[in-house]
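Structure first, then comments.
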Amino acid sequence: MTRYSYAARAGSRVDFVPGGLDMREHYAAARIFALSSVREGQPNVILEAMACGLPVVATGVGGIPRLVEQEVSGLLSPAADAESMARHCCRLLDDSALCDGMGLAGRRRVEQDFSFTAMVSAHEKIFSSLNSAT
């Protein structure tokens, strides 16, 4: 079954958007963010979606489980398991409170651990430890 078949079966409006330079308009129009990678590092696109307050449905591969906390900021599926991805998407779309709560948790996680301030603080700690070692 193709991704378009699953989207049609869900009975709701689903847009498949190719990547672009500025995705903010798409994030703002979305209710959830889904990424069905088979292999992945630590995708910035997940951090971008979480920063925009979107709950994430993704495959639990590579660095994704380090970004998305299961049942807190999103839902993870095994790679190549389209049925699980579809169930997770439907679950979030059917439960506004869960969807909103996971979106808020993801945004907080990005602000706490991946913001510019957090990055500067982490680098300062590294540089301080190197300074102390010499």
*Using the test side chain to side chain donor-acceptor pair (under 3.5 Å), find all partners of Ser37 that sit at least two apart in sequence or belong to another chain.*
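With neighbours one apart ignored, the set is Glu40.
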_Asp100: which residues meet the side chain to side chain donor-acceptor pair (under 3.5 Å) condition with it, sequence neighbours left out?_
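Partners of Asp100 by the side chain to side chain donor-acceptor pair (under 3.5 Å) criterion, ordered by chain and then number, come out as Arg31.
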*asked:* Applying side chain to side chain contact (heavy atoms under 4.5 Å, CB included), can you list everything that pairs with Asn44, at least two apart in sequence or on another chain?
replied: Leu47
*Listed by chain and number, what are the side chain to side chain contact (heavy atoms under 4.5 Å, CB included) partners of Ser77, not counting sequence neighbours?*
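Side chain to side chain contact (heavy atoms under 4.5 Å, CB included) check on Ser77 returns Ser84, Met85, His88.
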*Hey, mind stepping through Val110 and Ser115 against side-chain contact (heavy atoms from CB on, under 4.5 Å) and telling me if it holds?*
CA-CA 6 Å; Val110 169; Ser115 68; 5.9 Å; no
Qualifying residues under salt bridge (Lys or Arg N to Asp or Glu O under 4.0 Å), relative to [X], sequence neighbours excluded:
X      : value
Glu48  : none
Asp113 : Arg109
Arg24  : Asp22

*List, by chain and number, the other hydrophobic cluster members for Met119, where Ile, Leu, Val, Met, Phe, Trp and Tyr join if side-chain heavy atoms come within less than 4.5 Å, directly or indirectly.*
Phe116, Val120
_Through direct or indirect side-chain contacts below 4.5 angstrom among Ile, Leu, Val, Met, Phe, Trp and Tyr, which residues connect to Leu21?_
none
Rounded distance (nearest 0.5 Å) linking atom [atom1] of [X] with atom [atom2] of [Y]:
X     : Y      : atom1 : atom2 : answer
Cys99 : Leu104 : SG    : CG    : 11.5 Å
Leu54 : Tyr27  : CG    : OH    : 8.0 Å
Ile64 : Leu76  : CD1   : CG    : 7.5 Å

*Under 3.5 Å, is there a donor-acceptor pair between the side chain of Ser128 and the main chain of Glu124?*
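Between the backbone of Glu124 and the side chain of Ser128 there is a qualifying donor-acceptor contact (under 3.5 Å).
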*Report yes or no: does Arg107 contribute a side-chain atom to a donor-acceptor pair with the main-chain N or O of Ala51 at less than 3.5 Å?*
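Yes, Arg107 side chain to Ala51 backbone: donor-acceptor pair under 3.5 Å.
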*Find out whether Cys90 and Leu93 are in side-chain contact, i.e. whether some heavy atom of one side chain is under 4.5 Å from a heavy atom of the other.*
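No - every pair of side-chain heavy atoms lies 4.5 Å or more apart.
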*Is there side-chain contact between Leu35 and Pro43, with heavy atoms separated by less than 4.5 Å?*
yes
*Gln42 vs Leu67, side-chain contact (heavy atoms from CB on, under 4.5 Å): CA-CA, chis, key distance, verdict*: CA-CA 8 Å; Gln42 183 167 298; Leu67 302 177; 3.6 Å; yes
*Identify the two heavy atoms, one from Val68 and one from Gly74, that lie closest to each other, and give their separation to 0.1 Å.*
CG1-CA, 3.7 Å
*Among Leu75, Val57, Val56, whose side chain to side chain contact (heavy atoms under 4.5 Å, CB included) with Met102 holds?*
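Option passing the side chain to side chain contact (heavy atoms under 4.5 Å, CB included) with Met102: Leu75.
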*Which pairs with one or both residues in residues 54-75 pass side chain to side chain donor-acceptor pair (under 3.5 Å), sequence neighbours excluded?*
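As it turns out, the side chain to side chain donor-acceptor pair (under 3.5 Å) pairs with a partner in residues 54-75, which skip direct neighbours, are Glu71-Arg91.
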